[in-house]
Amino acid sequence: MTKIRIAIQKSGRLNEDSVQILKDCGISIDNGKDQLKAETRNFPMEVMFLRNGDIPQYLRDGVVDIAIIGENVLVEKGEDITVAEKLNFSKCKVSLAVPKDVEYNSIKDLDGKRIATSYPNTVDQYLADKGISYEIHQISGSVEIAPNIGLADAICDIVSSGSTLFKNNLKEAEVMFTSEAVLAVSPLINEDAKELLKKLQFRIQSVLKARNAKYVLLNAPNDKLDAVIKLLPGMRSPTILPLAEEGWSSVHTVIPKNKFWDVIDELKLAGAEGILVCPIEKMVL
């Protein structure tokens, strides 16, 4: 039986979020402690737990068919690898940072400086066309300490909350790009695996749509239904059912999370009552 081989990070937050999205897709991983390869239930898949930085080469060599990986790693090591789906988790920025007490006005302030980073190719790509001369100090970890010990004048690293920069007396100088987890595809993937990838993407898309929406039930007097319906940005059309109390109806719809509170406030002003909000497990459209 054909199986699709997927690589995910073997530890860290990206690992946890990757396992969770597969679980939400109905795929259970039979993974023991420190196991580097595992089978799955409910989907023909084999999971490999790998170092994040090694995954692009595994994709390139066809050792795995697909991978859940950060965009920042692909920019650094896998620009030739295709992204099939953005996954909307493990979001961060890839930024240049300098010590807090250093005056910074523009990218020109980095001219001639020493930059410590785990992302030398990313720095080269960003600064190549800006006429900035610089010296790279490649470090595999704890990049943020480099300015404090005199090894570098600035750093390039991923930034999530910014707390690590703050703790090390650094400030963000330039946001080079934003990154999130993506589903990447090997250039050597075969036709059978491509068909399984389509099925997996369908499940992932259903999960992501559900994560970004809320199911809303509300009651409204019939003479205000038109005003209420005009406020609903949900699916094709809301469901409207008569209540036992004459002159009232129940309205069921889906509201995007990013518009949720604004819409709820407007619905209340339009006459909606008894508003119930429910999470959505899957959305198959």
Side-chain angles (χ1 to χ4, degrees), residues 7 9 11-14 17 50-61 67-187:
Q9 189 178 26
S11 61
R13 182 180 172 187
L14 188 56
D17 290 338
L50 305 172
R51 286 181 66 253
N52 212 30
D54 294 338
I55 290 175
Q57 193 60 48
Y58 278 83
L59 286 165
R60 197 175 286 115
D61 293 340
I68 297 177
I69 188 171
E71 282 180 291
N72 58 299
V73 180
L74 291 185
V75 170
E76 177 65 22
K77 295 185 174 183
E79 281 203 312
D80 56 323
I81 294 170
T82 301
V83 171
E85 201 82 43
K86 292 197 172 188
L87 301 177
N88 200 36
F89 61 78
S90 294
K91 293 186 176 183
C92 65
K93 296 175 287 184
V94 179
S95 300
L96 290 162
V98 298
K100 287 180 183 178
D101 58 0
V102 170
E103 183 178 350
Y104 185 88
N105 300 303
S106 73
I107 192 72
K108 293 181 180 179
D109 291 335
L110 293 178
D111 193 44
K113 302 300 185 182
R114 300 164 299 164
I115 302 175
T117 186
S118 303
Y119 301 95
N121 294 329
T122 301
V123 174
D124 286 340
Q125 292 171 36
Y126 186 76
L127 296 180
D129 61 348
K130 301 184 187 303
I132 307 297
S133 63
Y134 55 92
E135 179 184 340
I136 290 286
H137 283 276
Q138 187 170 349
I139 301 175
S140 59
S142 301
V143 171
E144 62 279 351
I145 199 174
N148 292 329
I149 61 175
L151 183 62
D153 304 297
I155 69 165
C156 168
D157 204 4
I158 58 172
V159 177
S160 296
S161 66
S163 62
T164 301
L165 294 183
F166 180 81
K167 290 175 184 176
N168 287 276
N169 293 312
L170 299 173
K171 62 183 178 182
E172 193 172 62
E174 298 278 338
V175 177
M176 299 164 70
F177 62 91
T178 58
S179 173
E180 65 182 274
V182 297
L183 184 67
V185 183
S186 167

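Heavy-atom basis, side chains included; hydrogens, waters and symmetry copies ignored. Numbers for residues simply follow the sequence, beginning at 1.
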Do [X] and [Y] have side chains that get closer than 4.5 Å, going by heavy atoms?
{"X": "L170", "Y": "V98", "result": "no"}
{"X": "I155", "Y": "L165", "result": "yes"}
{"X": "I55", "Y": "V73", "result": "no"}
{"X": "R51", "Y": "S11", "result": "no"}
{"X": "Y134", "Y": "L110", "result": "no"}
{"X": "T82", "Y": "P187", "result": "no"}
{"X": "V159", "Y": "C92", "result": "no"}
{"X": "E180", "Y": "K86", "result": "yes"}

What do you reckon, is [atom1] of [X] surrounded by more than 12 foreign heavy atoms closer than 6.0 Å?
{"X": "K100", "atom1": "NZ", "answer": "yes"}
{"X": "Y58", "atom1": "OH", "answer": "no"}
{"X": "F166", "atom1": "CZ", "answer": "no"}

With the threshold set at 4.0 Å, does a side-chain nitrogen-carboxylate oxygen contact exist between K167 and E144?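 E144 and K167: not salt-bridged.
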When you look at E85 and L87, which way does the side-chain contact (heavy atoms from CB on, under 4.5 Å) test go after all the steps? CA-CA 6 Å; E85 201 82 43; L87 301 177; 4.1 Å; yes
Determine the minimum heavy-atom distance between [X] and [Y], stating which atoms define it.
{"X": "I139", "Y": "S118", "result": "O-OG, 2.5 Å"}
{"X": "I107", "Y": "I132", "result": "O-CD1, 3.7 Å"}
{"X": "L151", "Y": "R114", "result": "O-NH1, 3.6 Å"}
{"X": "L14", "Y": "G70", "result": "CD2-N, 3.8 Å"}
{"X": "G131", "Y": "D111", "result": "O-OD1, 4.0 Å"}
{"X": "Y104", "Y": "K171", "result": "N-NZ, 4.2 Å"}

Is a side-chain N or O of [X] found less than 3.5 angstrom from the main chain of [Y], in a donor-acceptor match?
{"X": "Q9", "Y": "N52", "result": "no"}
{"X": "N168", "Y": "I145", "result": "no"}
{"X": "N169", "Y": "P99", "result": "no"}
{"X": "S95", "Y": "A97", "result": "no"}
{"X": "D109", "Y": "S106", "result": "yes"}

Under the side-chain contact (heavy atoms from CB on, under 4.5 Å) criterion, do F177 and N72 qualify, and how do the steps go? CA-CA 9 Å; F177 62 91; N72 58 299; 4.3 Å; yes
Can K91 be said to sit on top of F89's aromatic six-ring, NZ or CZ under 6.0 Å from centre and within 45° of the ring axis?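 Pair K91/F89 does not count as cation-pi.
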No-hydrogen, no-angle side-chain donor-acceptor test under 3.5 Å, E174 and Y126: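 Short answer, yes.
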With side-chain hydrogen bond (donor to acceptor under 3.5 Å, both in side chains) as the criterion, how do N121 and Q125 come out once you've worked through the C-alpha distance, each side chain's angles and the decisive distance to 0.1 Å? CA-CA 6 Å; N121 294 329; Q125 292 171 36; 5.9 Å; no
Atom [atom1] in [X], atom [atom2] in [Y]: separation rounded to 0.5 Å?
{"X": "R60", "Y": "S186", "atom1": "CZ", "atom2": "OG", "result": "10.0 Å"}
{"X": "S90", "Y": "E71", "atom1": "OG", "atom2": "CD", "result": "11.0 Å"}
{"X": "L96", "Y": "T117", "atom1": "CG", "atom2": "OG1", "result": "8.0 Å"}

Quick one: do V94 and C156 satisfy side-chain contact (heavy atoms from CB on, under 4.5 Å)? Show the steps, please. CA-CA 7 Å; V94 179; C156 168; 3.9 Å; yes
Is there a side-chain contact (heavy atoms from CB on, under 4.5 Å) between V182 and L74? Walk through the geometry before answering. CA-CA 9 Å; V182 297; L74 291 185; 3.9 Å; yes
